[in-house]
Amino acid sequence: MPLDHRRLRGPEESQPPEVWAAAVGAAAGPEEEGEEGGEAEAAPRDPCALRPLFARAGLLSQAEGSAYVELSGGTKVLCAAWGPREAAEPAGAAGQLLCQFRRAPFAGRGARGRPGSAAEREAEREAAAALREALEPAVRLARYPRARLAVSALLLQDGGSALAAAISAAALALADAGVEMYDLAVGCGLCRAPAPAAAWLLQPAEPEERRAAARLTVALLPALNQVSAVLGAGQGGSPDAWAQALRLGLDGCHRLYPVLRQSLLRAARRRAPAATTA
């Protein structure tokens with residue numbers, strides 16, 4: 001019997017979609033009721049707990065160095081770096097570090113700025129300036145006189161602690177590009193809820209950041225034990241509370257450092273056989 005190629009052949013047995021719609025609605029019902037009932041009923045998490053982090057260096061062939069960092073909960077950042085190029089307008093004896101931060105149009109969740117709006121562009125410029133502030137102490141710019149280094153960070157999905165993830169990914173990309181560095185810059189974000197007795201949360205998720213009364217991002221060079229950037233905003237309480245948040249962020253950076261270092265070592269091992277055969 002000849003087949004009718006103009007039609008898509010479906011399964012021999014089928015069920016109406018209403019059956020599956022009812023099952024999905026029953027499964028999602030309790031969750032929706034919990035969300036409507038208030039987010040305050042959610043079980044409190046450990047303020048010192050780190051979200052699982054995945055890092056991989058050397059993904060992009062079009063860039064001299066690249067890195068991808070993903071945090072559990074949805075934060076995904078892709079960074080590319082390019083080695084020294086002759087600067088069109090040398091600013092001094094040392095080299096220049098150019099940083100770019102962009103959000104993908106589909107990266108935002110909830111009440112975020114409209115992609116391409118003036119507020120979105122201003123937020124990207126502020127993030128790029130913060131990225132440069134955190135990375136400059138880690139790069140040996142004096143070894144690249146009258147030259148410029150470029151790094152570009154693309155936020156694919158914002159699940160919270162996006163700037164901290166971008167700092168770590170950008171440092172990995174620069175190291176993967178062969179740029180001489182003092183150490184890897186590791187970023188860690190924190191936030192504090194509006195409640196008077198609320199504790200600082202390490203690596204907050206996007207809902208926690210949205211409700212936060214204060215935020216803090218710390219960048220550290222762990223091998224040198226040197227802080228490269230501290231970026232904070234909001235009402236975080238007394239100076240002792242800010243100092244406690246800083247200590248918590250530094251501890252988080254030290255705990256993330258081995259993951260980033262192992263990712264860089266794996267990228268170097270993958271590149272070694274190719275260089276040997278060439």
Side-chain angles (χ1 to χ4, degrees), residues 50-85 95 97-104 107 127-128 130-132 134-141 143-144 148-159 161-189 203 217-224 228-229 252-278:
L50 284 173
R51 294 160 62 185
L53 180 142
F54 171 79
R56 183 180 175 91
L59 283 85
L60 303 178
S61 59
Q62 297 86 353
E64 297 182 7
S66 60
Y68 172 79
V69 169
E70 179 177 346
L71 293 176
S72 174
T75 302
K76 302 175 183 179
V77 182
L78 180 64
C79 285
W82 291 268
R85 300 286 189 275
L97 180 61
L98 306 179
C99 295
Q100 182 185 33
F101 183 93
R102 294 181 296 115
R103 291 175 59 95
L131 196 62
R132 178 180 178 183
L135 292 176
E136 276 189 340
V139 182
R140 303 184 64 182
L141 293 175
R143 299 298 299 267
Y144 304 100
R148 59 182 175 86
L149 308 171
V151 60
S152 176
L154 175 62
L155 179 61
L156 300 173
Q157 185 173 337
D158 187 2
S161 305
L163 179 58
I167 292 173
S168 301
L172 270 180
L174 286 170
D176 185 61
V179 175
E180 294 191 30
M181 305 176 67
Y182 295 105
D183 192 11
L184 286 176
V186 184
C188 196
Q203 282 188 330
T217 300
V218 182
L220 177 70
L221 310 180
L224 304 178
S228 60
C253 292
H254 279 291
R255 290 155 60 189
L256 291 174
Y257 183 60
V259 180
L260 302 178
R261 186 175 56 185
Q262 289 298 323
S263 173
L264 191 60
L265 289 175
R266 286 194 297 267
R269 294 191 185 103
R270 289 194 304 267
R271 192 178 290 111
T276 305
T277 55

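- Asp183 is listed as a side-chain neighbour of Pro222, based on a closest heavy-atom distance under 4.5 Å.
- Taking the side chain as every heavy atom from C-beta outward, Gln203 and Thr75 never approach each other to under 4.5 Å.
- In this structure Arg266 satisfies the salt bridge (charged side-chain N to carboxylate O under 4.0 Å, His left out) test with no other residue, sequence neighbours excluded.
- With values rounded to the nearest 0.5 angstrom, Cys99 atom SG is found 7.5 Å from Leu174 atom CG.
- Pairs engaging residues 72-82 under the salt bridge (Lys or Arg N to Asp or Glu O under 4.0 Å) rule: none recorded [sequence neighbours left out].
- Here the closest heavy-atom approach between residue Ala223 and residue Tyr257 is recorded as CB-OH, 4.0 Å.
- Shown here for Leu71 and Arg51, the closest heavy-atom pair between the two residues is CB-NH2, 3.8 Å.
- Between atom CG of residue Leu220 and atom NE2 of residue His254 there is a gap of 4.5 Å, rounded to the nearest 0.5 Å.
- Summarising the geometry, atom CZ belonging to Arg85 is positioned 11.5 Å from atom OH belonging to Tyr144; distances are rounded to the nearest 0.5 Å.
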Please tabulate, for side-chain N and O atoms in residues 163-171, each donor-acceptor pair with protein atoms closer than 3.5 Å (sequence neighbours left out).
residue: Ser168; atom: OG; partner: Ala164; partner atom: O; Å: 3.4
residue: Ser168; atom: OG; partner: Gly187; partner atom: N; Å: 3.1

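- Taking CZ from Arg269 and CG from Leu264, the interatomic distance works out to 10.0 Å, rounded to the nearest 0.5 Å.
- Qualifying salt bridge (charged side-chain N to carboxylate O under 4.0 Å, His left out) partners for Glu180, counting only residues two or more places apart in sequence or in other chains: Arg140, Arg143.
- Judged by distance alone, with hydrogens and angles left aside, the side-chain atoms of Arg103 form no donor-acceptor pair with the main-chain N or O of Leu155 at under 3.5 Å.
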N/O donor-acceptor pairs under 3.5 Å from side chains in residues 54-61, not counting sequence neighbours:
none

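- A donor-acceptor pair under 3.5 Å is absent between the side-chain atoms of Ser228 and the main chain of Leu135, judged by distance alone.
- In terms of heavy-atom proximity, Leu50 sits nearest to Cys188 at CD2-SG, 4.4 Å.
- Distance check: Leu131 CG to Ser152 OG gives 9.5 Å after rounding to the nearest 0.5 Å.
- Here the closest heavy-atom approach between residue Ala138 and residue Ala185 is recorded as CB-CB, 4.3 Å.
- For the side chain to side chain contact (heavy atoms under 4.5 Å, CB included) test with Tyr68, the passing option among Leu156, Leu172, Val77, Leu154 is Leu156; the others fail.
- Not counting sequence neighbours, Arg102 has no partner by the salt bridge (charged side-chain N to carboxylate O under 4.0 Å, His left out) test.
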